[in-house]
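In this text, all values refer to a predicted model and were calculated from it rather than measured experimentally.
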Amino acid sequence: MMRRSYFFWTGVLMAGVGLCCGAGQAQDTRTVTEPKIPPVCTTLEAKLSSSDGTFSDADESKLDTERIQKAIDGCGAGKAVELQMEIDPNTASQKGARGGKVWNAFLTGPLELHEGVTLLIDKGVTLYGSRDPKVYEFPDPNRKPDDPITCGTSRPRPTSFPAPTSQTPPSSGATSQTPRPRGGCRSLITVNVKNAAIMGEGAIDGRGYAKLIGHDYSWWQMARKAQPNDDLYFATRLIVASHADGFILYKIHLLNSPNFHVSVNQTDGFTAWGVHLVTPVDKKLIGTDNDARNTDGIDPGSSQNITITHSWIDNGDDNVAIKQGVSHMSVIDNHFYTGHGMSIGSETVLGQSYLLVDGLTEDHTTSGIRIKSNVMRGGPVHDLVYKNICMKDVPIPIAISPYYTNQTVEPFEDPKYKGDRIPDYKKITLENIYSTTPGDVLIAGLNDQHRTEVSLDAVHIEGIKPSQLHLAYADIHMKVCSAYSKSPGTNLPLDQVPATVKVIPSPEDGCGVVPIHPVDACAGKFVPMQ
């Protein structure tokens, strides 16, 4: 049995892990408990019906935005607005009887949560996003009636931006280097308050696959068309939280976001517990021009004290992408499927630190453990612990890279970009990391002044060949235990390494558990998406 550093009982996630390589407290500093659904202040009944996100032209105009927002506005802190399924009483002998017409859908434009208020979506109910880009357009007091709508459009990426004026609002995100282009889309749900939550076993469906009203393309088709030339495009996100201390996602199903699903910034205390995230739901769209692009799962940035646990993520980009300025984060007992893996970056200018990933299963992700940046967006990344991870059919199980080129996977050699924002990776621990299928491993620092420091303890990539190990400017600390002579242990072919790489044996004292074969270590771990 593998050693675990977290224990679950009575719904409590308890932290208590001892780290090697001088790592500090690499985890959420809170004691995180399973969220509880608060009492309901208002119940809203569905008035629309859909099983696949399609509505009649008449129903497309029947947005529930006003009545949902009014209920949120009138709900007190510590209570929930409940979205409920309804059975048509004219087609059923009693409420809930079989054969009755089921109203199970709400259709909305942008919503804003209030402090302490929970949006509760019942099982069987779906909150769909409008496919009218006009409802998402950022309000602009200087807009003229004939000005075009930006949301739902794309444009060539500017080669330079005018410097912001003294009147440029801080909320615009503008800087002297890259002021925000005018226009854009609001998110479907905005959270700029403390202790708000989205709960329930229902779903939020952004309908990224659906043709936009007024256009002959979907959100995803617009994004794919913009990809070859790296054009700017403007798409709504599902949930954007900022200054949202105490924000919770609990048991909710997040589907088909036009862009990122969950973006959390400048927040102290965020919990995602039991989240089920799938994009695209219709897997027949993968590989077509209506495939989901840039639909990251959960992306925290400039935040601290974050826990993602008991969640299932199957999407069209990074399953989890930790952006810059994040510290004290725990990713515990999760399952990842289609996507780009457990990622850090590509922005690391403000640093990432004190991360614990424990008990992760990755099935068919493009990468497994992925740290990505380059000299135009890099910075300090340190005190990271990855342990008890099982992978299957992952082409690159480990990629610790300063070579990011804005592609799905990293190249194995330095692209020789020019810049002074240097990625610097230190105190990274990999323990009990297993891949049951072969794949490449990349562990690289940028140069001798910025060497990557990694500790390996029972890292086994089944069937890895020497040609699949890519190393440069790395100090690799490897546990040497007598028990390893009788079991696979760390099987990376480190006997012949480049001159820029140092393999440093660590003393036997403090060795981890006796390593076991990946097939045994990962028995029963790979289960279908839920």
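The aromatic rings of W312 and Y337 lie parallel to each other, their planes meeting at an angle below 30°, with 60° marking the opposite boundary. Taking the six-membered ring where tryptophan is involved, the planes of W219 and Y136 are perpendicular, since the angle between them exceeds 60° and thus also 30°. Ring-plane geometry between Y209 and W220 is classed as perpendicular, the angle between the planes exceeding 60 degrees on a 0 to 90 degree scale with a lower cut at 30.
Defined by atom type and a distance below 3.5 Å, a donor-acceptor pair is present between the side-chain atoms of H114 and D73. Looking only at atom types and distance, the side chain of T190 has a donor-acceptor partner in the side chain of S187 under 3.5 Å away. With hydrogens and angles left out, the side-chain atoms of N290 and T288 include no donor and acceptor closer than 3.5 Å. For the residue pair N315 and T279, no side-chain donor N or O sits within less than 3.5 Å of a side-chain acceptor on the partner. T408 and T366 are not linked by any side-chain donor-acceptor pair at a separation below 3.5 angstrom, with hydrogens and angles left out of the test. In the model, Y233 has no side-chain atom that pairs as donor or acceptor with a side-chain atom of D231 under 3.5 Å. The closest side-chain donor-acceptor pair between R224 and Q221, if any, does not fall under 3.5 angstrom. Using a 3.5 Å distance cut-off with no hydrogens or angles, the side chains of Q266 and H243 do pair a donor with an acceptor.
Panel note: side chain D52, backbone T54; a donor-acceptor pair is recorded below 3.5 Å. In terms of modelled atom types and a separation under 3.5 Å, the side chain of N265 and the main chain of P300 share no donor-acceptor contact. Not a single donor-acceptor pair under 3.5 Å links the side chain of S330 to the backbone N or O of L356. Side-chain atoms of R421 never come within 3.5 Å of backbone atoms of V349 as a donor-acceptor pair (strictly under, hydrogens ignored). Judged purely by atom type and a 3.5 angstrom limit, R207 uses its side chain to pair as donor or acceptor with the backbone of G53. Side chain of Q324 to main chain of L350: a donor-acceptor pair is present (N/O by atom type, distance under 3.5 Å, no hydrogens or angles). In this structure a side-chain-to-backbone donor-acceptor pair under 3.5 Å is present from S257 to N259. Remark: side-chain polar atoms of S49 are paired, donor with acceptor, to backbone N or O of V102 under 3.5 angstrom. Distance alone, capped at 3.5 Å, places no donor-acceptor pair between the E347 side chain and the G379 backbone. The backbone N or O of T338 lies less than 3.5 Å from no partner atom in the side chain of T365, so there is not a single donor-acceptor pair.
To the nearest 0.5 angstrom, I344 atom CD1 is 11.0 Å from K323 atom NZ. For the atom pair CH2 of W273 and OG of S311, the computed distance is 9.5 Å after rounding to the nearest 0.5 Å. In this structure, CG in L238 is found 7.5 Å from OG1 in T236, a value given to the nearest 0.5 Å. Distance check, rounded to the nearest 0.5 Å: CG of L254 to CG of D205 gives 10.0 Å. To the nearest 0.5 angstrom, T271 atom OG1 is 6.5 Å from D28 atom CG.
Taking the side chain as every heavy atom from C-beta outward, Q69 and P110 never approach each other to under 4.5 Å. Considering only heavy atoms from C-beta on, E362 comes within 4.5 Å of M342 through its side chain.
In this structure, R237 forms a cation-pi arrangement with F260, its terminal cationic atom sitting closer than 6.0 Å to the ring centre and no more than 45° off the ring axis.
Among K283, H335, H276, H364, the single residue meeting the side chain to side chain donor-acceptor pair (under 3.5 Å) criterion with D314 is K283. Only one option out of V275, L249, D296 pairs with V262 in a side-chain contact (heavy atoms from CB on, under 4.5 Å); it is L249.
Residue-environment remark: CD (Q227) exceeds the threshold of 12 foreign heavy atoms within 6.0 Å.
When ring centroids are compared, F412 and Y403 stay outside the 6.0 Å threshold.
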Evaluate the salt bridge (Lys or Arg N to Asp or Glu O under 4.0 Å) criterion for residues R131 and E60: first the C-alpha distance (whole Å), next the side-chain angles of each, then the deciding distance (0.1 Å), finally the verdict. CA-CA 8 Å; R131 58 186 181 89; E60 284 286 355; 2.9 Å; yes
Which is it for T295 and D317 under the side chain to side chain donor-acceptor pair (under 3.5 Å) test, yes or no, and what are the steps along the way? CA-CA 5 Å; T295 52; D317 209 296; over 6 Å; no
Quick one: do S50 and T126 satisfy side-chain contact (heavy atoms from CB on, under 4.5 Å)? Show the steps, please. CA-CA 9 Å; S50 179; T126 300; over 6 Å; no
Could you please spell out the steps behind the ring pair (Phe, Tyr, Trp, His ring centres under 6.0 Å) verdict for Y128 and F55? CA-CA 10 Å; Y128 289 99; F55 297 89; 5.4 Å; yes
Quick one: do L442 and E410 satisfy side-chain contact (heavy atoms from CB on, under 4.5 Å)? Show the steps, please. CA-CA 9 Å; L442 169 63; E410 278 60 63; 4.1 Å; yes
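Using a cut-off of 4.0 Å between Lys/Arg side-chain N and Asp/Glu carboxylate O, D318 and R370 are scored as salt-bridged. Taking the charged nitrogens against the carboxylate oxygens, E112 and K70 have no contact shorter than 4.0 Å, which rules out a salt bridge. One finds a salt bridge joining K284 and D282 here, because a Lys/Arg side-chain nitrogen approaches an Asp/Glu carboxylate oxygen to under 4.0 Å.
Residue L127 comes nearest to T108 through the heavy atom pair CD1-CG2, 3.5 Å, listed as atom of the first residue, atom of the second, then distance. In this structure, N334 and H310 approach most closely via the heavy-atom pair OD1-N, 3.2 Å.
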